[in-house]
Amino acid sequence: MDRIADVRRDTKETQIRVRLNLDGTGQARLATGIGFFDHMLDQVARHGLIDLDIEAQGDLHIDGHHTVEDVGITLGMAVAQAVGDKKGLTRYGHAYVPLDEALSRVVVDFSGRPGLHLDIPFKAGMVGAFDTQLTYEFFQGFVNHALVTLHVDNLKGANAHHQAETVFKAFGRALRMALTLDPRSAGVIPSTKGSL
């Protein structure tokens, strides 16, 4: 069964389209209007082995808030659609990723219950045209619509670019682990409740 999705979300503030294949090779085509954000989304695709196509038109003349948050929301919707009933899913994923002095840990559970814990003591407010505060908004939007529990911790870091990059790479790797189908539990929902 193909685990693909094509989701469009339009508001007065943004028009977002996300197409993805959870069983891809990490190819990405990204156009959010925020260069550093595209760079971070590319990390998710590459390290998650998710083919990801995102087109976003947003009110960047105001700031990046609505665009970043709404990309997170739409990506979450697409992942939830592509995952389907979660039968055979590994469910849990985790990763530690270093980049020079920075180190981050991300843990995800496709629990069906949205929850976010995020601790990133950014050393700068901006990286290029990306407001580092919007990292929280992206992940909150994703969590609420993918229906996952997500813990994101930057454990070390002196450079905000490195801090963000380790977080997004670790997020991609954790997704890759959690989304892998486990042949030993094919057709089984990974929960004692029988549903997620």
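Looking at heavy atoms from C-beta onward, N21 lies out of side-chain contact with D2 at the 4.5 angstrom threshold. Proximity of V83 to F110: side-chain heavy atoms (C-beta onward) are separated by under 4.5 Å at one or more points. At a threshold of 4.5 Å between non-hydrogen side-chain atoms, the residues D23 and I4 do not count as touching. Annotation: side chain of R8 is in contact with side chain of Q15 (closest heavy-atom distance under 4.5 Å). Side-chain contact between P121 and D119 is present, with at least one heavy-atom pair separated by less than 4.5 Å. The side-chain heavy atoms of L175 and V106, taken from C-beta on, include no pair separated by under 4.5 Å. The shortest distance between side-chain heavy atoms of M126 and T132 does not fall below 4.5 Å. Within the 4.5 Å cutoff, the side chain of R3 has heavy atoms near those of the L89 side chain.
No single ILVMFWY cluster, assembled from side-chain heavy atoms under 4.5 Å apart, contains both V107 and M177. Under the 4.5 Å side-chain heavy-atom criterion for grouping Ile, Leu, Val, Met, Phe, Trp and Tyr, V127 is connected to V44 within one hydrophobic cluster. A continuous path of Ile, Leu, Val, Met, Phe, Trp and Tyr side chains, each step under 4.5 Å between heavy atoms, connects I120 with F37, placing both in one hydrophobic cluster. Y96 and L49 fall into different hydrophobic clusters, where Ile, Leu, Val, Met, Phe, Trp and Tyr residues are linked whenever their side-chain heavy atoms come under 4.5 Å apart, directly or through other members. L116 is connected to V79 through a chain of hydrophobic side-chain contacts under 4.5 Å among Ile, Leu, Val, Met, Phe, Trp and Tyr, so both are in one cluster.
Of the inter-residue distances, the one linking H66 atom NE2 with I62 atom CD1 reads 6.5 Å to the nearest 0.5 angstrom. Considering CG of D42 and NE2 of H47, their distance stands at 8.5 Å, rounded to 0.5 Å. A distance of 4.0 Å separates CD in E165 from NZ in K169, rounded to the nearest 0.5 Å. In this structure, CD on Q43 lies 5.0 Å from CE on M40, to the nearest 0.5 angstrom. Separating the CD atom in E69 from the CD atom in E137 is a distance of 5.5 Å, to the nearest 0.5 Å. Here the straight-line distance linking atom CZ of R173 with atom OG1 of T166 works out to 14.0 Å at 0.5 Å rounding.
A donor-acceptor pair is defined here as one N or O able to donate and one able to accept, closer than 3.5 Å; such a pair exists between the side chain of N159 and the backbone of H162. In this structure, the side chain of D51 engages the main chain of G26 through a donor-acceptor pair within 3.5 Å. Between the T90 side chain and the T180 main chain, a donor and an acceptor come within less than 3.5 Å of each other. The backbone N or O of I16 lies less than 3.5 Å from no partner atom in the side chain of R9, so there is not a single donor-acceptor pair. At distances below 3.5 Å, at least one donor-acceptor pair connects side-chain atoms of D63 with backbone N or O atoms of H65.
Here the closest non-hydrogen pair linking V108 and A174 is CG1-O, 3.7 Å. For the residue pair S195 and S191, the shortest heavy atom distance occurs at O-OG, 3.5 Å. Contact between L20 and A78 at its shortest, heavy atoms only, is CD2-CB, 3.6 Å. In plain terms, the two heavy atoms of I50 and L179 that are nearest each other are CD1-CD1, 4.4 Å. Between V18 and L52 the shortest heavy-atom distance is CG1-CD1, 4.1 Å. When every heavy atom of D70 is checked against every heavy atom of T11, the shortest pair comes out as OD2-OG1, 3.9 Å.
Under a cut-off of 6.0 angstrom, the local environment of NE2 in H94 is sparse, with at most 12 non-hydrogen atoms contributed by other residues, nucleotides or ligands. Other residues, nucleotides and ligands contribute over 12 non-hydrogen atoms within 6.0 Å of the CZ atom of F122. Q133 CD: 12 or fewer foreign heavy atoms inside a 6.0 Å radius. Counting non-hydrogen atoms of other residues, nucleotides and ligands closer than 6.0 Å to CZ of R46 gives a total of 12 or fewer.
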Which pairs of donor and acceptor atoms, one on a side chain in residues 143-156, lie under 3.5 Å apart (sequence neighbours left out)?
unit_1 : atom_1 : unit_2 : atom_2 : d
N144   : OD1    : Q140   : NE2    : 3.1
N144   : ND2    : Q140   : O      : 3.3
T149   : OG1    : S111   : OG     : 3.1
T149   : OG1    : R113   : O      : 3.1
D153   : OD1    : H117   : NE2    : 3.2
D153   : OD2    : R105   : NH2    : 3.3
N154   : OD1    : Q163   : NE2    : 2.9
N154   : ND2    : L103   : O      : 3.2
N154   : ND2    : S104   : OG     : 3.1
N154   : ND2    : K156   : O      : 2.8

Evaluate side chain to side chain contact (heavy atoms under 4.5 Å, CB included) for I34 paired with L134, printing each intermediate quantity in order. CA-CA 12 Å; I34 305 170; L134 299 182; 5.7 Å; no
Can you check side chain to side chain contact (heavy atoms under 4.5 Å, CB included) on D53 and E55, steps first, answer last? CA-CA 7 Å; D53 186 343; E55 302 165 40; 4.0 Å; yes
Do V68 and F130 pass the side chain to side chain contact (heavy atoms under 4.5 Å, CB included) test, and can you show the C-alpha distance, the side-chain angles, and the key distance before you say yes or no? CA-CA 9 Å; V68 172; F130 181 78; 4.0 Å; yes
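Between D38 and T32, the side chains place a donor N or O and an acceptor N or O closer than 3.5 Å (distance only, hydrogens not considered).
Of the charged side-chain nitrogens involved, at least one lies within less than 4.0 Å of a carboxylate oxygen, so that D6 and R17 count as a salt-bridged pair.
The list of ring-ring contact (aromatic ring centres under 6.0 Å, His included) pairs with a residue in residues 166-196, not counting sequence neighbours, reads F138-F168, F139-F168, F139-F171, F142-F171.
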